[in-house]
Visitor: 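This is the structure I have questions about; it appears just below.
Numbered from 1 within each chain, the chains take letters A, B, ... in sequence-line order.
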Amino acid sequence: MKRTTYAGLVDEQYIGQTVMLAGWVQKRRNFGDLVFIDLRDREGIVQLTFSAANQEALNVAQGARNEYVLAIEGEVVARADGQENKKIKSGGIEVKVTKAEILAEAKTPVFDIEDGVNAGEELKLQYRYLDLRRPEMQKNLRVRSKIMASATHFMDQNDFINIETPYLSKSTPEGARDYLVPSRVYPGSFYALPQSPQLFKQLLMGAGFDRYFQIARCFRDEDLRGDRQPEFTQLDMETSFMSATEIQELVGRWVQQIMKDVVDFDLKLEDITRLTWQESMDRFGTDKPDLRIAYEIQDLSETVKYSDFGVFANAVKDGGVVKAIAVPGGADHYSRKDIDKLGQYIERFGAKGLAWMKVTDDGLNGPIAKFFADEVGEAILAASGAKSGDLLLFGAGRADVVAASLDYLRRQTATDLDLVDQENPWRFAWIVDWPLFEYSEDFDRWIAAHHPFTMPNEEDLHYLDEGEDPHKAHAQSYDLVLNGYELGSGSIRIHRTDIQEKMLKALGFTKESANEAFGFLLEGMEYGFPPMGGIALGLDRLAMLLAGQDNIREVIAFPKNSKATEPMTEAPTPVAGAQLLELGLEVPASAENK
RNA sequence: GGUCGCAUGGUCUAGCUGGUUAGGACGCCUGCCUGUCACGCAGGAGAUCACGGGUUCGAACCCCGUUGUGACCGCCA
């Protein structure tokens, strides 16, 4: 029997036709001399009927079990009145089976093959091939596939050249921890898997390709999160001779095309909000704001500077800030206990506690309201724009702690109160004008906020000069944010040796250490690099958002769990001693049983 | 590296303040059934309550540790 169509595609148009189908048994309903089987393939489900009119087929049906692989031939017939199933696409018809064959028997699956969370994450990953049978997972991976096709098509149409860069490359300082690959030919030496194709795409610009594009796998040996896997995929591009705004316009059209192709959403370029990094931090407490939430953070530092409430007054006196969000309608929604829970949560950001007040018709309410029964209270209401029924949540202290806390509280309360705008489901933003450096407490020095090849703003170039304060410089870098997720990060690159040298010096490199690390790039630059810039968009995150998922595992066929292992293959595993020997490696006994 | 949570038949889970025949749903097996689509009915099998130790007359339950796992903080140029 040769398949003529997909089970999920059979509909009224096929009535009267003989079809041959193959797929998995989703469900068998046995009535003795009448058996129904829901046959599932990648396109969906169709109901098969087996009756005594075809005893042989009936026998096959009675022996079939869930997840058996079946091939059938049958006639598509309209269902009798009242027997339609409106829940499935093919519910108006069914297939009267004349021939049936079991292609493969199947063990009872360890969990039900159906949508909705019905098994633990570990089990689903261990039996990933079963999990992937679920319609939702099939849809997720097809969304991902569509994004890749759309992205590639757009790039091709716009004269970008798809060029692959190496996976076996060189470990470079700065950035994330590298995944290392030992060299057999040179024992004791290692390749590194790329954290991104950054340096190679700059060299490709240097080579004159002008427009480069790649769907590139990247590797970073850092701990995982819901939106972070150790290997992930970037939609990576780079162009020559374009300004930051020109690149953003191009990327905007790229994303516009993807949104149209994948979720049929008409993104207007003017709807991509532009915020400076500082503005985003001030208004939302984060560099990746979720603009679907209307309420913003208000700075009340000046308002409460001389307040009777010591916590606020002292926070400002000690160089910190006092900020707040007014959660619309939050007063009635949250009990004191609920608020305590929120307060407990933000302790992980370093917050000492959560000050709050409820706004009622009779004024401010709550344990600290007594300090604000005066004009300061009035001023808080005025400055925060809080109305009766709102819940005021405060952050007081170090600016970064307050920002992280209020960012969390803003997103959490919006979720709790259903205040995430569903009318405008896709809110993109460009975050521009980033600091060039950020201070690393771990390394006790300034490190590149984006990467060491990011071009400073022209007017800030002098900050890199001797005797000036480099960390005042801002960068020609830009992040694309969607619904509170960082989708991608890009910048204009340094293409001139003199600037690059100053930059590396500011980062603490000597001439020698810089040459050792990126000598090939620095030398290449001396042979004439064009001005260039680009961006890399996180395919996994984009696919996650467009598929409506909240973890990138759901859009990766074989992902790692939160401990960076893969329950199905059990990777990583120890290897044979002979393999190590060949590579000139030795694993200390102390590390072996971990 | 850290914080918090979770671990009970194949799966999802209930199990309160320590004494239960460890309950339910789905699944599985057997039988019956010609219009189901969450099929139904009758019967049945299936549990090292993650592991180790402790407290107690008595532990799925309390305590300590271990392991696994999830979320988060650190980390992620």
Visitor: Which nucleotide sits closest to the side chain of A:Val110: B:rG10, B:rC28, B:rU69?
Guide: B:rG10

Visitor: Among B:rU11, B:rC39, B:rA71, which is the nearest nucleotide to the side chain of A:Leu123?
Guide: B:rU11

Visitor: Test side-chain contact (heavy atoms from CB on, under 4.5 Å) on A:Phe453 and A:Gln500; report intermediate values, then the result.
Guide: CA-CA 7 Å; A:Phe453 319 105; A:Gln500 187 66 68; 3.5 Å; yes

Visitor: On a whole-Å scale, what distance lies between the P atoms belonging to B:rC33 and B:rG70?
Guide: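 Taking atom P in both B:rC33 and B:rG70, they lie 48 Å apart.
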
Visitor: Can you tell which of B:rG27, B:rG70, B:rU36 lies closest to the side chain of A:Arg29?
Guide: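 Nearest to the side-chain atoms of A:Arg29, counting from C-beta on, is B:rU36.
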
Visitor: Which listed nucleotide (B:rU34, B:rG74, B:rC76) is nearest to the side chain of A:Leu34?
Guide: B:rU34

Visitor: Using atom P in both nucleotides, what's the gap between B:rG46 and B:rG23 to the nearest angstrom?
Guide: 13 Å

Visitor: Looking only at the side chain of A:Asn66 (C-beta and beyond, no hydrogens), which of the listed nucleotides B:rC28, B:rU11, B:rU34 gets closest?
Guide: B:rC28

Visitor: Testing the basics here: between A:Leu224 and A:Ser562, what is the closest heavy-atom pair and its distance to 0.1 Å?
Guide: CB-O, 4.0 Å

Visitor: Given B:rC37, B:rG35, B:rG27, which nucleotide is nearest the side-chain atoms of A:Asp38?
Guide: B:rC37

Visitor: Taking only the side-chain heavy atoms of A:Arg65 (C-beta and beyond), determine which of B:rU69, B:rU30, B:rC76 contains the nearest atom.
Guide: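 Closest of the options to the side chain of A:Arg65: B:rU30.
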
Visitor: If I pick the P atom on B:rG9 and the same atom on B:rU48, what distance separates them, to the nearest angstrom?
Guide: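 It comes out at 8 Å once rounded to the nearest Å.
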
Visitor: In whole Å, measure the gap between the C1' atoms of B:rG18 and B:rA59 for me.
Guide: 6 Å

